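Right, one structure below, let's go through it.
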There are 2 protein chains.
Amino acid sequence: MVTRSTSAVQWAQSFIAPVLVPGCLAVDATAGNGRDTLFLARGVGPQGRVFAFDIQPEALERTREQLAGAGLLERVVLLATDHREMAAHVPGTVNAVMFNLGYLPGGDHRIITQPESTIEALKAALSLLAAGGRVSLVVYTGHPGATEEQKAVEEFTQALSPREYTVVRLSFWNRSAKAPVVILLEKAGART
Amino acid sequence: MVTRSTSAVQWAQSFIAPVLVPGCLAVDATAGNGRDTLFLARGVGPQGRVFAFDIQPEALERTREQLAGAGLLERVVLLATDHREMAAHVPGTVNAVMFNLGYLPGGDHRIITQPESTIEALKAALSLLAAGGRVSLVVYTGHPGATEEQKAVEEFTQALSPREYTVVRLSFWNRSAKAPVVILLEKAGART
(Lines give C-alpha, C1' and ligand atoms only; values in the text may rest on other atoms or scores of the structure.)
Protein backbone atom coordinates (compact mmCIF):
# COMPACT_ATOMS: atom_id res chain seq x y z
CA MET A 1 0.00 0.00 0.00
CA VAL A 2 1.48 3.31 -1.07
CA THR A 3 0.56 5.98 1.43
CA ARG A 4 3.37 8.47 0.93
CA SER A 5 5.70 9.55 -1.81
CA THR A 6 8.59 7.25 -2.47
CA SER A 7 11.88 8.42 -0.98
CA ALA A 8 15.43 7.95 -2.25
CA VAL A 9 16.02 5.23 0.35
CA GLN A 10 12.85 3.40 -0.70
CA TRP A 11 13.96 3.51 -4.34
CA ALA A 12 17.33 2.05 -3.39
CA GLN A 13 15.75 -0.70 -1.27
CA SER A 14 13.19 -1.60 -3.98
CA PHE A 15 16.05 -2.01 -6.44
CA ILE A 16 18.13 -4.16 -4.07
CA ALA A 17 15.30 -6.36 -2.73
CA PRO A 18 15.06 -8.82 -5.68
CA VAL A 19 18.72 -9.86 -5.37
CA LEU A 20 18.52 -10.66 -1.65
CA VAL A 21 18.16 -14.41 -1.62
CA PRO A 22 18.38 -16.64 1.48
CA GLY A 23 21.96 -17.36 2.45
CA CYS A 24 23.61 -14.67 0.34
CA LEU A 25 26.16 -12.10 1.48
CA ALA A 26 25.48 -8.35 1.39
CA VAL A 27 27.31 -5.18 2.40
CA ASP A 28 26.09 -1.95 3.98
CA ALA A 29 29.04 0.28 3.08
CA THR A 30 27.75 3.16 5.23
CA ALA A 31 25.93 1.75 8.26
CA GLY A 32 24.86 5.18 9.56
CA ASN A 33 21.75 4.66 11.67
CA GLY A 34 21.44 1.02 10.58
CA ARG A 35 18.34 1.35 8.43
CA ASP A 36 19.83 -0.33 5.37
CA THR A 37 21.68 -2.89 7.50
CA LEU A 38 18.32 -3.92 8.98
CA PHE A 39 16.74 -4.11 5.52
CA LEU A 40 19.62 -6.28 4.25
CA ALA A 41 19.59 -8.52 7.34
CA ARG A 42 15.90 -9.27 6.78
CA GLY A 43 16.59 -10.14 3.14
CA VAL A 44 19.58 -12.48 3.51
CA GLY A 45 17.81 -14.81 5.92
CA PRO A 46 19.24 -16.73 8.91
CA GLN A 47 22.05 -18.32 6.87
CA GLY A 48 23.06 -15.08 5.12
CA ARG A 49 25.42 -12.40 6.41
CA VAL A 50 25.52 -8.62 6.21
CA PHE A 51 28.83 -6.79 6.59
CA ALA A 52 28.16 -3.27 7.89
CA PHE A 53 30.95 -0.70 7.74
CA ASP A 54 31.25 2.65 9.48
CA ILE A 55 34.20 4.58 10.83
CA GLN A 56 32.05 6.39 13.40
CA PRO A 57 31.54 4.44 16.68
CA GLU A 58 28.25 6.28 17.20
CA ALA A 59 26.93 4.92 13.88
CA LEU A 60 27.93 1.34 14.63
CA GLU A 61 26.33 1.57 18.07
CA ARG A 62 23.05 2.82 16.57
CA THR A 63 23.18 0.01 14.03
CA ARG A 64 23.88 -2.56 16.75
CA GLU A 65 20.85 -1.31 18.71
CA GLN A 66 18.57 -1.43 15.64
CA LEU A 67 19.60 -4.97 14.78
CA ALA A 68 19.49 -6.24 18.35
CA GLY A 69 16.01 -4.72 18.72
CA ALA A 70 14.87 -6.71 15.68
CA GLY A 71 16.57 -9.89 16.91
CA LEU A 72 18.75 -10.01 13.80
CA LEU A 73 22.16 -9.07 15.19
CA GLU A 74 23.53 -12.58 14.62
CA ARG A 75 23.20 -12.10 10.85
CA VAL A 76 25.39 -9.00 10.90
CA VAL A 77 29.13 -8.41 11.16
CA LEU A 78 29.76 -4.82 12.36
CA LEU A 79 33.08 -3.43 11.18
CA ALA A 80 34.65 -0.24 12.55
CA THR A 81 36.70 -0.12 9.39
CA ASP A 82 37.06 2.19 6.42
CA HIS A 83 34.77 0.86 3.67
CA ARG A 84 37.70 1.08 1.22
CA GLU A 85 38.97 -2.03 3.03
CA MET A 86 35.78 -4.03 2.51
CA ALA A 87 37.33 -6.58 0.14
CA ALA A 88 39.66 -7.74 2.94
CA HIS A 89 36.75 -8.34 5.33
CA VAL A 90 34.10 -10.02 3.21
CA PRO A 91 34.73 -13.75 2.64
CA GLY A 92 33.08 -14.22 -0.77
CA THR A 93 31.08 -12.60 -3.54
CA VAL A 94 28.12 -10.47 -2.53
CA ASN A 95 24.69 -10.00 -4.11
CA ALA A 96 24.22 -6.43 -2.89
CA VAL A 97 26.11 -3.38 -1.66
CA MET A 98 24.36 -0.24 -0.40
CA PHE A 99 25.89 3.22 0.02
CA ASN A 100 24.40 6.37 1.56
CA LEU A 101 26.79 9.21 0.84
CA GLY A 102 26.92 12.36 2.92
CA TYR A 103 26.96 12.73 6.69
CA LEU A 104 25.47 10.71 9.52
CA PRO A 105 21.95 12.10 10.17
CA GLY A 106 21.93 13.52 13.69
CA GLY A 107 25.71 13.09 13.94
CA ASP A 108 28.71 15.34 13.38
CA HIS A 109 28.08 17.10 10.08
CA ARG A 110 31.80 17.85 9.72
CA ILE A 111 32.42 14.14 9.22
CA ILE A 112 31.34 13.46 5.64
CA THR A 113 32.21 10.80 3.09
CA GLN A 114 34.97 12.01 0.75
CA PRO A 115 35.12 11.67 -3.05
CA GLU A 116 38.46 9.82 -3.20
CA SER A 117 37.64 7.26 -0.54
CA THR A 118 34.09 6.82 -1.87
CA ILE A 119 35.41 5.89 -5.32
CA GLU A 120 37.93 3.48 -3.77
CA ALA A 121 35.11 1.90 -1.77
CA LEU A 122 32.94 1.65 -4.87
CA LYS A 123 35.76 -0.10 -6.73
CA ALA A 124 36.09 -2.53 -3.81
CA ALA A 125 32.32 -3.12 -3.94
CA LEU A 126 32.44 -3.93 -7.66
CA SER A 127 35.33 -6.35 -7.07
CA LEU A 128 33.15 -8.26 -4.59
CA LEU A 129 29.94 -8.17 -6.64
CA ALA A 130 28.52 -11.47 -7.97
CA ALA A 131 27.14 -11.71 -11.53
CA GLY A 132 23.64 -10.23 -11.49
CA GLY A 133 24.45 -8.44 -8.23
CA ARG A 134 23.36 -4.87 -7.51
CA VAL A 135 24.80 -1.73 -5.93
CA SER A 136 22.79 1.30 -4.78
CA LEU A 137 24.22 4.73 -4.03
CA VAL A 138 22.03 7.42 -2.47
CA VAL A 139 24.00 10.62 -2.94
CA TYR A 140 22.85 13.35 -0.57
CA THR A 141 23.51 16.83 -1.79
CA GLY A 142 23.40 20.33 -0.36
CA HIS A 143 26.09 19.97 2.33
CA PRO A 144 29.64 21.34 1.88
CA GLY A 145 31.66 18.91 -0.24
CA ALA A 146 28.54 17.29 -1.69
CA THR A 147 28.99 18.62 -5.22
CA GLU A 148 32.50 17.19 -5.53
CA GLU A 149 31.36 13.79 -4.26
CA GLN A 150 28.33 13.70 -6.57
CA LYS A 151 30.53 14.63 -9.53
CA ALA A 152 33.08 11.92 -8.68
CA VAL A 153 30.41 9.22 -8.34
CA GLU A 154 28.58 10.30 -11.49
CA GLU A 155 31.74 10.38 -13.58
CA PHE A 156 33.01 7.03 -12.30
CA THR A 157 29.71 5.22 -12.87
CA GLN A 158 29.12 6.85 -16.27
CA ALA A 159 32.47 5.45 -17.47
CA LEU A 160 31.64 1.83 -16.55
CA SER A 161 31.35 -0.53 -19.53
CA PRO A 162 27.69 -0.96 -20.57
CA ARG A 163 28.49 -4.57 -21.40
CA GLU A 164 29.55 -5.20 -17.80
CA TYR A 165 27.16 -2.94 -15.92
CA THR A 166 23.72 -1.44 -16.32
CA VAL A 167 23.80 1.94 -14.60
CA VAL A 168 20.69 3.98 -13.97
CA ARG A 169 20.64 7.50 -12.55
CA LEU A 170 17.49 8.58 -10.80
CA SER A 171 16.69 12.18 -9.92
CA PHE A 172 13.73 13.75 -8.14
CA TRP A 173 12.63 15.73 -11.12
CA ASN A 174 10.24 18.30 -9.64
CA ARG A 175 12.22 18.97 -6.48
CA SER A 176 15.12 21.32 -5.79
CA ALA A 177 18.62 20.67 -7.09
CA LYS A 178 19.49 19.75 -3.48
CA ALA A 179 17.32 16.63 -3.55
CA PRO A 180 19.34 13.40 -3.38
CA VAL A 181 20.42 11.60 -6.53
CA VAL A 182 20.25 7.80 -6.67
CA ILE A 183 22.64 5.71 -8.77
CA LEU A 184 21.63 2.07 -9.29
CA LEU A 185 24.03 -0.44 -10.80
CA GLU A 186 23.61 -4.05 -11.89
CA LYS A 187 26.45 -6.36 -12.90
CA ALA A 188 25.86 -8.37 -16.09
CA GLY A 189 25.23 -12.11 -16.02
CA ALA A 190 22.84 -14.54 -14.40
CA ARG A 191 22.98 -14.92 -10.64
CA THR A 192 24.05 -18.37 -9.53
CA MET B 1 15.61 -14.14 -11.15
CA VAL B 2 17.50 -11.41 -12.95
CA THR B 3 19.12 -12.81 -16.05
CA ARG B 4 19.53 -9.72 -18.19
CA SER B 5 19.95 -6.04 -17.71
CA THR B 6 16.82 -4.15 -16.83
CA SER B 7 15.24 -2.30 -19.75
CA ALA B 8 13.28 0.94 -19.78
CA VAL B 9 10.03 -1.00 -20.19
CA GLN B 10 10.88 -3.23 -17.23
CA TRP B 11 11.57 -0.17 -15.07
CA ALA B 12 8.22 1.30 -16.04
CA GLN B 13 6.38 -1.96 -15.33
CA SER B 14 8.14 -2.47 -11.97
CA PHE B 15 7.02 1.02 -10.95
CA ILE B 16 3.42 0.47 -12.06
CA ALA B 17 2.97 -3.07 -10.69
CA PRO B 18 2.31 -2.17 -7.01
CA VAL B 19 -0.69 0.03 -7.87
CA LEU B 20 -2.44 -2.62 -9.98
CA VAL B 21 -5.00 -4.01 -7.58
CA PRO B 22 -7.84 -6.39 -8.51
CA GLY B 23 -10.80 -4.56 -10.02
CA CYS B 24 -9.05 -1.27 -10.73
CA LEU B 25 -9.01 0.68 -13.98
CA ALA B 26 -5.83 1.33 -15.96
CA VAL B 27 -4.89 3.00 -19.24
CA ASP B 28 -2.36 2.09 -21.91
CA ALA B 29 -2.09 5.46 -23.64
CA THR B 30 0.01 4.06 -26.50
CA ALA B 31 -1.00 0.46 -27.15
CA GLY B 32 1.69 -0.12 -29.80
CA ASN B 33 2.36 -3.85 -29.92
CA GLY B 34 0.25 -4.47 -26.80
CA ARG B 35 3.04 -5.36 -24.40
CA ASP B 36 1.99 -2.89 -21.70
CA THR B 37 -1.71 -3.59 -22.32
CA LEU B 38 -1.03 -7.27 -21.58
CA PHE B 39 0.95 -6.36 -18.44
CA LEU B 40 -1.88 -4.11 -17.22
CA ALA B 41 -4.58 -6.69 -18.05
CA ARG B 42 -2.80 -9.28 -15.91
CA GLY B 43 -2.58 -6.78 -13.03
CA VAL B 44 -6.17 -5.52 -12.91
CA GLY B 45 -7.70 -8.99 -12.59
CA PRO B 46 -10.97 -10.31 -14.05
CA GLN B 47 -13.06 -7.47 -12.60
CA GLY B 48 -10.66 -4.71 -13.69
CA ARG B 49 -10.51 -2.97 -17.03
CA VAL B 50 -7.71 -1.66 -19.25
CA PHE B 51 -8.40 1.08 -21.78
CA ALA B 52 -5.88 0.84 -24.61
CA PHE B 53 -5.56 3.75 -27.04
CA ASP B 54 -3.86 3.91 -30.42
CA ILE B 55 -4.63 5.83 -33.59
CA GLN B 56 -2.92 3.20 -35.78
CA PRO B 57 -5.20 0.26 -36.75
CA GLU B 58 -2.11 -1.94 -37.09
CA ALA B 59 -1.20 -1.29 -33.44
CA LEU B 60 -4.69 -2.08 -32.14
CA GLU B 61 -4.77 -5.28 -34.20
CA ARG B 62 -1.43 -6.41 -32.73
CA THR B 63 -2.70 -5.58 -29.26
CA ARG B 64 -5.94 -7.50 -29.88
CA GLU B 65 -3.94 -10.56 -30.97
CA GLN B 66 -1.64 -10.40 -27.92
CA LEU B 67 -4.55 -10.16 -25.51
CA ALA B 68 -6.66 -12.79 -27.26
CA GLY B 69 -3.64 -15.15 -27.23
CA ALA B 70 -3.38 -14.70 -23.46
CA GLY B 71 -7.13 -15.15 -22.99
CA LEU B 72 -7.42 -11.67 -21.47
CA LEU B 73 -9.19 -9.73 -24.21
CA GLU B 74 -12.37 -9.42 -22.15
CA ARG B 75 -10.53 -7.23 -19.63
CA VAL B 76 -9.54 -4.72 -22.32
CA VAL B 77 -11.34 -1.94 -24.16
CA LEU B 78 -9.50 -1.16 -27.41
CA LEU B 79 -9.99 2.41 -28.57
CA ALA B 80 -9.03 3.68 -32.04
CA THR B 81 -9.03 7.14 -30.57
CA ASP B 82 -6.52 9.91 -29.97
CA HIS B 83 -5.23 9.49 -26.42
CA ARG B 84 -5.91 13.20 -25.81
CA GLU B 85 -9.57 12.12 -25.65
CA MET B 86 -9.01 9.49 -22.96
CA ALA B 87 -10.96 11.33 -20.27
CA ALA B 88 -14.14 11.00 -22.36
CA HIS B 89 -13.73 7.23 -22.72
CA VAL B 90 -12.69 6.07 -19.26
CA PRO B 91 -15.62 5.79 -16.79
CA GLY B 92 -13.81 6.49 -13.52
CA THR B 93 -10.52 7.20 -11.81
CA VAL B 94 -7.56 5.04 -12.80
CA ASN B 95 -4.69 3.61 -10.77
CA ALA B 96 -2.20 3.57 -13.63
CA VAL B 97 -1.47 5.12 -17.02
CA MET B 98 1.43 4.00 -19.21
CA PHE B 99 2.94 5.88 -22.15
CA ASN B 100 5.59 4.78 -24.65
CA LEU B 101 6.56 7.80 -26.68
CA GLY B 102 8.09 7.57 -30.13
CA TYR B 103 7.03 5.42 -33.05
CA LEU B 104 5.44 1.99 -33.34
CA PRO B 105 8.28 -0.59 -33.45
CA GLY B 106 8.12 -2.33 -36.82
CA GLY B 107 5.50 0.17 -38.04
CA ASP B 108 5.59 3.38 -40.04
CA HIS B 109 8.40 5.46 -38.53
CA ARG B 110 6.92 8.63 -40.02
CA ILE B 111 4.00 8.31 -37.61
CA ILE B 112 5.36 9.50 -34.29
CA THR B 113 3.80 10.91 -31.16
CA GLN B 114 3.87 14.73 -31.18
CA PRO B 115 4.86 17.04 -28.29
CA GLU B 116 1.60 19.04 -28.21
CA SER B 117 -0.73 16.06 -28.28
CA THR B 118 1.48 14.13 -25.83
CA ILE B 119 1.22 16.92 -23.25
CA GLU B 120 -2.56 17.12 -23.78
CA ALA B 121 -2.78 13.36 -23.28
CA LEU B 122 -0.63 13.58 -20.15
CA LYS B 123 -2.93 16.28 -18.73
CA ALA B 124 -5.90 14.02 -19.45
CA ALA B 125 -4.11 11.15 -17.71
CA LEU B 126 -3.49 13.27 -14.60
CA SER B 127 -7.15 14.33 -14.56
CA LEU B 128 -8.14 10.64 -14.42
CA LEU B 129 -5.51 9.56 -11.89
CA ALA B 130 -6.66 8.36 -8.45
CA ALA B 131 -4.82 9.44 -5.28
CA GLY B 132 -1.71 7.26 -4.99
CA GLY B 133 -1.97 6.40 -8.69
CA ARG B 134 1.05 6.21 -10.99
CA VAL B 135 1.97 7.24 -14.52
CA SER B 136 4.99 5.95 -16.48
CA LEU B 137 6.42 7.56 -19.60
CA VAL B 138 9.14 5.78 -21.59
CA VAL B 139 10.52 8.47 -23.87
CA TYR B 140 12.37 6.98 -26.84
CA THR B 141 14.99 9.24 -28.30
CA GLY B 142 17.12 9.33 -31.42
CA HIS B 143 14.37 9.56 -34.06
CA PRO B 144 13.48 12.85 -35.82
CA GLY B 145 11.27 14.92 -33.51
CA ALA B 146 12.36 13.02 -30.40
CA THR B 147 14.30 15.89 -28.84
CA GLU B 148 11.30 18.24 -28.95
CA GLU B 149 9.03 15.63 -27.41
CA GLN B 150 11.52 14.76 -24.66
CA LYS B 151 11.95 18.47 -23.86
CA ALA B 152 8.18 19.03 -23.71
CA VAL B 153 7.62 16.06 -21.39
CA GLU B 154 10.58 16.95 -19.16
CA GLU B 155 9.51 20.57 -18.81
CA PHE B 156 5.87 19.74 -18.14
CA THR B 157 6.65 17.12 -15.48
CA GLN B 158 9.36 19.23 -13.83
CA ALA B 159 6.81 22.03 -13.30
CA LEU B 160 4.30 19.79 -11.47
CA SER B 161 3.75 20.70 -7.80
CA PRO B 162 5.92 18.51 -5.53
CA ARG B 163 3.06 18.52 -3.02
CA GLU B 164 0.75 16.94 -5.58
CA TYR B 165 3.15 14.69 -7.47
CA THR B 166 6.39 12.84 -6.90
CA VAL B 167 8.26 12.87 -10.22
CA VAL B 168 11.35 10.78 -10.83
CA ARG B 169 13.48 10.93 -13.96
CA LEU B 170 15.51 7.84 -14.77
CA SER B 171 18.32 7.78 -17.32
CA PHE B 172 20.58 4.99 -18.51
CA TRP B 173 23.69 6.57 -17.21
CA ASN B 174 26.47 4.68 -18.99
CA ARG B 175 24.73 4.40 -22.35
CA SER B 176 24.55 6.83 -25.28
CA ALA B 177 22.48 10.00 -25.15
CA LYS B 178 20.05 8.17 -27.48
CA ALA B 179 19.03 5.70 -24.77
CA PRO B 180 15.42 6.13 -23.64
CA VAL B 181 14.56 8.30 -20.66
CA VAL B 182 11.90 7.15 -18.20
CA ILE B 183 9.69 9.56 -16.26
CA LEU B 184 7.77 8.08 -13.33
CA LEU B 185 5.06 10.01 -11.57
CA GLU B 186 3.01 9.31 -8.45
CA LYS B 187 0.01 11.33 -7.31
CA ALA B 188 -0.03 12.24 -3.61
CA GLY B 189 -2.46 10.66 -1.18
CA ALA B 190 -3.44 7.20 -0.03
CA ARG B 191 -5.08 4.88 -2.53
CA THR B 192 -8.64 3.99 -1.62
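The structure presented is a predicted model; accordingly, all values stated were derived computationally and were not measured. Proteins come first, then strands; the chains are lettered A, B, ... in the order of their sequence lines, and each starts at number 1.
- Checked against the 6.0 Å centroid criterion, the rings of A:W173 and B:Y165 do not qualify as a close aromatic pair.
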Item to check | CA sep, side-chain torsions, deciding dist, call: A:F172, B:V168, side chain to side chain contact (heavy atoms under 4.5 Å, CB included) | outcome: CA-CA 5 Å; A:F172 291 92; B:V168 163; 3.7 Å; yes
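- Connection of A:L128 to A:L20 is not established within any shared hydrophobic cluster, with ILVMFWY side chains joined at heavy-atom distances below 4.5 Å, either directly or through further cluster members.
- The backbone N or O of A:A159 sits nowhere less than 3.5 Å from a side-chain atom of B:N174 that would complete a donor-acceptor pair.
- Only the side chain of A:L184 comes within contact range of chain B, with at least one heavy atom under 4.5 Å from a heavy atom of that chain.
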Please list, one pair per line, the donor and acceptor atoms closer than 3.5 Å that link side chains of residues 69-83 of chain A to other protein atoms, with sequence neighbours excluded.
unit_1, atom_1, unit_2, atom_2, d
A:R75, NH1, A:A41, O, 2.8
A:D82, OD1, A:R84, N, 2.8
A:D82, OD1, A:R84, NE, 3.3
A:D82, OD2, A:R84, NE, 3.3
A:D82, OD2, A:R84, NH2, 2.9
A:H83, ND1, A:A29, O, 2.9

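- Take A:E148 and apply the salt bridge (Lys or Arg N to Asp or Glu O under 4.0 Å) test, not counting sequence neighbours, and it matches no residue.
- Taking hydrophobic clusters as Ile, Leu, Val, Met, Phe, Trp and Tyr residues chained together by side-chain heavy-atom distances below 4.5 Å, B:F51 does not share a cluster with B:L60.
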